[in-house]
Each structure stands twice: as structure tokens, then as C-alpha cells.
Amino acid sequence: MSVIWLVAKAGNGGDPAPNALRRPHIHKGPGYGGHGGNVVLKACSQIESFLDVPEKLAAEHGADGHDTRRGRHGDDYFLQVPLGTIIRERVYSGGSTEEGRRIFLPQFRYQFLRDKDTFLVAKGGFGGIGPKSFKKGDGRRGTHGYRARLELELRVMNDATFIGKPNAGKTSLLAAMSRAHTRIGPEEFSTTRPHVGVLRFRDRLEVRLCDLPGLSAGAHEDKLMGRRILRHTYRSRALIFVVDVARGERSEDDVLEEVEMLRQEAMLFDPLNKEKPWMVIGTKCDMLHRDPLFHLDSLFYRLRARYDDEIPVIGTSARFGLGLTRAVRTIRQLIYPDMLQPRYRLGADPMLKEYPKAGRGESRDQTPTHGHGTDQAIMQRTCGLH
Ligand SMILES: Nc1nc2c(ncn2[C@@H]2O[C@H](COP(=O)(O)OP(=O)(O)OP(=O)(O)O)[C@@H](O)[C@H]2O)c(=O)[nH]1
Ligand SMILES: [Mg+2]
């Protein structure tokens, strides 16, 4: 459900009291109608889907005026939507179908790229003004609030997307790498909508990984909802193709062909995907009786022969946590190629414990190294130089 249609109706302005009179010291005017509430959409990073969005959003109407009191303004209606939402308004095109139904065409309005961003989709009506404020003596009734037919499309904010056939182990991989946890099952299509997991590095860099439902051949023609899945690659900066190298029930299919098919589908859907850096992650490497390492090796060498620049191929096992650190580092390298890698501090050297502690009478020069040795001392110890 990445595209939804809904109607946003702002509140109408309230009517004025019949004898409301403007005076210089009463700025807002006595007995005027209150303004109608607006309908406002707001981006929220903690929401991930349109599941809770109602079909109709209606803000409160402004209340009518009373003798000397202005009518109450209607409350605004705030709807929180996920980050990455695109707002389009469906505008009447002037034509109609053969059956007589009017044709509405979507027009772009706004897209949410930052957290807590807001956008006013329907403005509330103005409150009415009493007749005595006008020379002619005619009043102004409250105006109607705007009614907008909206189309919301979600293109999830992410840095890299997992693309793979159903049951390739994408969700397990994401769950093993990050805290995202959703349904993992032996049956195909256990994932039905995109989920995002965040990798947080020591240097406060964040990489958002998106797990998608499985893709199959013909996805760019919307086979098995392929286009609705691939649209989430729009904002990703790198593509990660996930293949099951243990080849469960597809032992006769070639791994390289599977990777090529997935990449082809992504490129046919959106030519921009051709420019994005990509890598391959082989999953289920723990099932050694199915020769996963052979498939992984052949994939690596054949990809290297086919593409000049080296495509990273990494074997992992989500079940046993193998190869995950390497996969995470490669993903980071793929997205931020020019950034420095975080350097891990040298831990205490186990050899240090074996050195005798310096006695009281001994001079300091005789102790080989102190608790946290200098770089040179560590080099000397680790390289055996004394
Ligand atoms: N042995 C082994 N099995 C795994 C591994 N990773 C995933 N599986 C199994 O593979 C099956 C599918 O895993 P999922 O993570 O749901 O696969 P998926 O690609 O998300 O599948 P869909 O969402 O249906 O497209 C599950 O039964 C997992 O237990 C692994 O590293 N080793
Ligand atoms: Mg899944």
C-alpha cells in the first residue's frame, strides 16, 4: 500500500452575528464568524507506512459569532505521515470517461524529506464579517474550506535497498544486522511491505537499509506487484542484491543469472538505478552440504570477468552471524567511498599480562612496557623487535 487516495476537507468559516459591528478598538470585530481549521500533513520519522491514514481528513468548522463575541476558530487537523511521502493533488482534468466518470489527474505538490516538515494541503475558510462593517450594509458569510483530493505516495527514505528473490533471506539479514525485526518465514512473500533498519556507526554515521518484498522476473511490468516494490529504490544510493547461494529449491538455476535478472529489473524500472553502486550478498553460507562457497566463488570470479571494476561479493549467514561485519563495512564503503573508515582502538595486548610487574626496587628502565604502551612499544612487541 504505497499509494493511497484520500480527501482532505478544511473547516468552513463561521457566520457572523446579524448585527455584528466593527469598532476601532475591537480589532477582530465583535460577533464575527471564526475561521475554519486547516488540514496539515506533517512528516514523522517514527511512522513507516500509511496503515493508519483515514480516507477522509476533516478539520473543524469555525463557530458562528454571538452578539459581541467572535465565533471560535476551528482546530487544525494534523496528520502524521512517514518521511519520504510525496503529496500530489488530484485535479479535475475537464474530461470524462465513456461511462461519464470525471477524470482527475495528479499534480505534484510537495515531498517530505526532513523530519517534522509540515505542508498545508487544505486551507480553512474565513470567518464571516457582520453587515455593519460595510458601506452597503451587506455582510460577508463565512467562506467554505478547501476540499482537496489527494494522492500520497510513499518512497521510503533509505541509503541502500536489499533486492532479492522471495525467500532469499533478506529479512533475516536485516534482522541480524540491525534492530529491525519483522516476519521471517520459510514460505515465500513473508514480507509484504518495506521495512527500514538503521546501522549506527561509532562515528555517528547512520545508514538506513531497506528490506523489500521478494522480486521475480518481469517485475518492471508490475508482475507480482514488482513496480510497487521497486519504487522504493528511488531514494536509495546503493543497491544490494541478495541471493541465496545455498540454492534451496532452485539448485538448477545459475546464481549469476539471478543477480543479472534482479539488476536488469531494477534498471528497466528506473534507468537511474544503472548509475548506482551495487554489491552482492550471498546468504545461507552455513548450509555447507549445498555447496554455498562454490556458488559464491564462481559468482565472484564471473562478476569480476564481466565488469571491469570489482563488484563486492560477500558471503554471510544470518543464522550464525557470519560475515556480517564485513558486509556492514562494505555497505558503508559503497555508500560513502571517500569517508575514512572508523579505526578501532588497540585493545590491551594479552602479552602484557605475561610480563612480570616491576618490583619496588627495580628501576623503571627495566620494565619492558607500561600498562598502555606507546605505539612504538606496541610495534616492538607485536613485531618481536626489542
Ligand atoms: N540456514 C540458514 N537459513 C536461513 C538463513 N537466513 C535465512 N534463512 C531461512 O530462510 C528462510 C527465508 O528467510 P527470510 O528472511 O524470510 O527471507 P526473505 O528473503 O525475507 O523472504 P520474503 O520476505 O518472503 O521475500 C527462513 O526460513 C529463514 O529461517 C541463514 O543464514 N542460514
Ligand atoms: Mg522478507
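Residue indices begin at 1 and follow the sequence shown. What's counted below: heavy atoms across the whole structure, side chains too, no hydrogens, waters or symmetry copies. As the structure lists them, so they are numbered: ligands from 1, and atoms in each ligand from 1.
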Between the side chains of T233 and T161, does any donor sit under 3.5 Å from an acceptor? no
Hey, what's the ring geometry for F241 with W278, parallel, tilted or perpendicular (30° and 60° as the breaks)? perpendicular
Polar side chain donor-acceptor pair, Q111 to R235, under 3.5 angstrom: yes
Please output the residues near ligand 1 using a strict heavy-atom distance under 4.0 Å, listed in chain and residue-number order. P166, N167, A168, G169, K170, T171, S172, I184, G185, P186, E187, E188, F189, S190, T191, G214, K284, D286, M287, S317, A318, R319
For D244, is there an ion pair with K165 - N to carboxylate O distance below 4.0 angstrom? no
Return all protein N, O or S atoms below 2.8 Å from the Mg ion (ligand 2), chain by chain in residue order. T171 OG1, T191 OG1
Evaluation steps, side chain to side chain contact (heavy atoms under 4.5 Å, CB included), between V3 and E151: CA-CA 7 Å; V3 174; E151 177 183 294; 3.8 Å; yes
I need the R193 CZ to H232 NE2 distance, nearest 0.5 Å. 10.0 Å
Check whether the side chains of D117 and Y110 place a donor and an acceptor atom closer than 3.5 Å, and report yes or no. yes
Between D203 and R200, is the closest basic N to carboxylate O distance under 4.0 Å? no
Interatomic distance, NZ@K276 vs CG@D270, rounded to 0.5 Å, equals 6.0 Å
